[in-house]
There are 2 protein chains.
Amino acid sequence: MTESDAAASLSALATDGVLQAGCPSRIVLEHVTSKWGLLLLIALSEGEQRWSELRQRADGISEKMLAQTLKTLEHDGLVRRDAQAVIPPRVDYSLTKRGHEVSALLIPLAEWAIQNSASIVRGHAAP
Amino acid sequence: MTESDAAASLSALATDGVLQAGCPSRIVLEHVTSKWGLLLLIALSEGEQRWSELRQRADGISEKMLAQTLKTLEHDGLVRRDAQAVIPPRVDYSLTKRGHEVSALLIPLAEWAIQNSASIVRGHAAP
DNA sequence: CAGGATCCAATCGGATACTG
DNA sequence: CAGTATCCGATTGGATCCTG
């Protein structure tokens, strides 16, 4: 993307919000780009998964944050929760249509991070 | 993207890290998806800008967070700082090659947030 | 198994004041 | 203009214990 192209597509961002404080899009953006939100959305892009599976996949997450993050994502309409009335309880989580949309945008970001993290963390990257 | 496609591209993510705790890519990812990091990278995709300009564009940011975030992004090799030895001082910030790479990935995300925030914030979105 | 409730430490982040 | 320094409240987030 050239700099002028970026400027063009950015005009919409500047006018409609995101950069503006108090804009609703900022809130949503913060939900999906939050540490655990991002990781859970990526993990779920593989398909429906249970609570315990998600806990392992999003390595290092606490029960509290797992519950809290899943709730926000569910409330935002990105994650679907399917609780079955059996003993022991079984609950499956999956992405909604919207959820798949974002995760499709998040995955390239994660891949970029993997490819660049080595040279970034070890020292200063080249311009 | 279908679910199997997602699974395929995800195998790399799962093996190489991101979902794994302590992975360096997680740190980088957190920097660029942090509240102000994200906003500054998007703002800078429009081109070189000064401190005072960035402060206005990333609406609501405090001086402390502006300085702190710019430093992290500069250290990560995403933002270039050009300080001119004049009175009054003039400092320009711009994206590096890497910086442009990420911002190109972040912009679609911001646009998605704008388009979906309305229906998300007002209530529950449809599946 | 899938959470809810609670406590507390660490970090985030804003307001203010000061400087080269 | 472009920061730095400090104080302090707010939020995040983990550990632990408890429950249907």
Side-chain angles (χ1 to χ4, degrees), chain A residues 18-23 26-41 43-44 47-76 79-95, chain B residues 19-23 26-41 43-44 47-76 79-94:
Chain A
V18 202
L19 293 175
Q20 251 53 43
C23 172
R26 269 204 188 176
I27 303 177
V28 181
L29 208 48
E30 278 163 39
H31 289 175
V32 325
T33 61
S34 72
K35 176 175 183 179
W36 300 118
L38 179 100
L39 257 33
L40 287 177
L41 286 170
L44 280 170
E48 192 173 62
Q49 276 164 88
R50 307 178 59 174
W51 165 280
S52 45
E53 293 175 312
L54 286 174
R55 237 208 123 169
Q56 292 185 308
R57 286 194 125 288
D59 192 31
I61 196 172
S62 68
E63 293 191 342
K64 177 183 173 180
M65 289 316 295
L66 181 55
Q68 193 175 110
T69 311
L70 282 174
K71 262 184 196 167
T72 342
L73 295 178
E74 190 194 353
H75 180 265
D76 286 355
V79 163
R80 182 172 25 240
R81 187 190 126 110
D82 177 30
Q84 297 166 43
V86 296
I87 304 280
R90 176 188 178 102
V91 183
D92 290 301
Y93 293 91
S94 56
L95 293 183
Chain B
L19 293 175
Q20 250 54 41
C23 173
R26 269 203 188 176
I27 304 178
V28 182
L29 209 47
E30 279 164 37
H31 289 173
V32 325
T33 61
S34 72
K35 176 175 182 181
W36 300 118
L38 181 101
L39 257 34
L40 287 177
L41 285 170
L44 279 170
E48 193 172 62
Q49 275 163 89
R50 307 178 60 174
W51 164 281
S52 45
E53 292 175 313
L54 286 174
R55 239 210 121 170
Q56 292 185 308
R57 285 194 127 287
D59 193 31
I61 196 172
S62 68
E63 294 192 341
K64 176 184 173 179
M65 291 315 295
L66 180 56
Q68 195 176 109
T69 311
L70 283 174
K71 264 184 195 167
T72 331
L73 296 178
E74 190 194 354
H75 179 265
D76 285 355
V79 163
R80 182 171 24 240
R81 187 191 125 110
D82 177 30
Q84 298 166 42
V86 295
I87 304 281
R90 177 189 176 100
V91 182
D92 289 301
Y93 293 92
S94 56

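By convention in this document, chain letters (A, B, ...) are assigned in the order of the sequence lines, proteins followed by strands, and residues within each chain are numbered from 1. Worth saying up front: this structure is predicted, and the values here are computed from it rather than measured. The basis for the numbers below is simple: all heavy atoms, side chains too, and nothing from hydrogens, waters or symmetry mates.
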Whether each nucleotide of nucleotides 14-20 of chain C has a protein heavy atom under 4.0 Å at its base (B), only at its sugar-phosphate (S) or at neither (-) is summarised, 5' to 3', as B--B--B

Side chains of A:H75 and A:K71, heavy atoms from C-beta outward: is any pair under 4.5 Å? no

Calculate, to the nearest 0.5 Å, the distance between atoms CG and CG belonging to B:L54 and B:L66 respectively. 6.0 Å

With heavy-atom distances below 4.5 Å as the criterion, would you say the side chains of B:V91 and B:D82 are in contact? no

Return the NZ to CG distance between A:K35 and A:L40, rounded to the nearest 0.5 Å. 11.5 Å

Write down the distance between CG (A:L70) and P (C:dG3), rounded to a whole number of angstrom. 8 Å

Provide the start and end nucleotides, 5' to 3', of the part of DNA chain D that has atoms under 4.0 Å from heavy atoms of chain A. D:dG13 to D:dG20

To the nearest 0.5 angstrom, please state how far the CD atom of A:E74 sits from the OH atom of A:Y93. 7.0 Å

Regarding B:R81, tell me which of base, sugar-phosphate or nothing describes its non-hydrogen contacts under 4.0 Å with the strands shown. sugar-phosphate

Does B:R90 have any side chain to side chain donor-acceptor pair (under 3.5 Å) partners at least two apart in sequence or in another chain, and if so, which? B:D92

side-chain contact (heavy atoms from CB on, under 4.5 Å) partners for B:S94, two or more places apart: B:E48, B:R80

Partner residues of A:E63 under the side chain to side chain donor-acceptor pair (under 3.5 Å) criterion, sequence neighbours left out: A:R55

Figure out the CD1/C1' separation between A:I87 and C:dC1, and round it to whole Å. 9 Å

From A:R26 atom CZ to B:L38 atom CG, the distance as rounded to the nearest 0.5 Å: 9.5 Å

Find the distance A:Q68:CD to C:dG3:C1' and express it as a whole number of Å. 13 Å

Return the angle between end axes of the helix from C:dC1-D:dG20 to C:dG20-D:dC1, with five pairs used per end and rounding to 10°. 50°

Nearest-nucleotide 5' precedence on DNA chain C, A:P88 against A:A67: A:P88

Would a 4.5 Å heavy-atom cut-off, applied to side chains only, mark B:L39 and B:I61 as touching? no

Measure CD/A:E74 against P/C:dA2 and give the value in whole Å, please. 15 Å

For atom CG of A:D82 and atom C1' of C:dC1, their distance in whole Å: 15 Å

From A:I27 atom CD1 to A:D76 atom CG, the distance as rounded to the nearest 0.5 Å: 9.5 Å

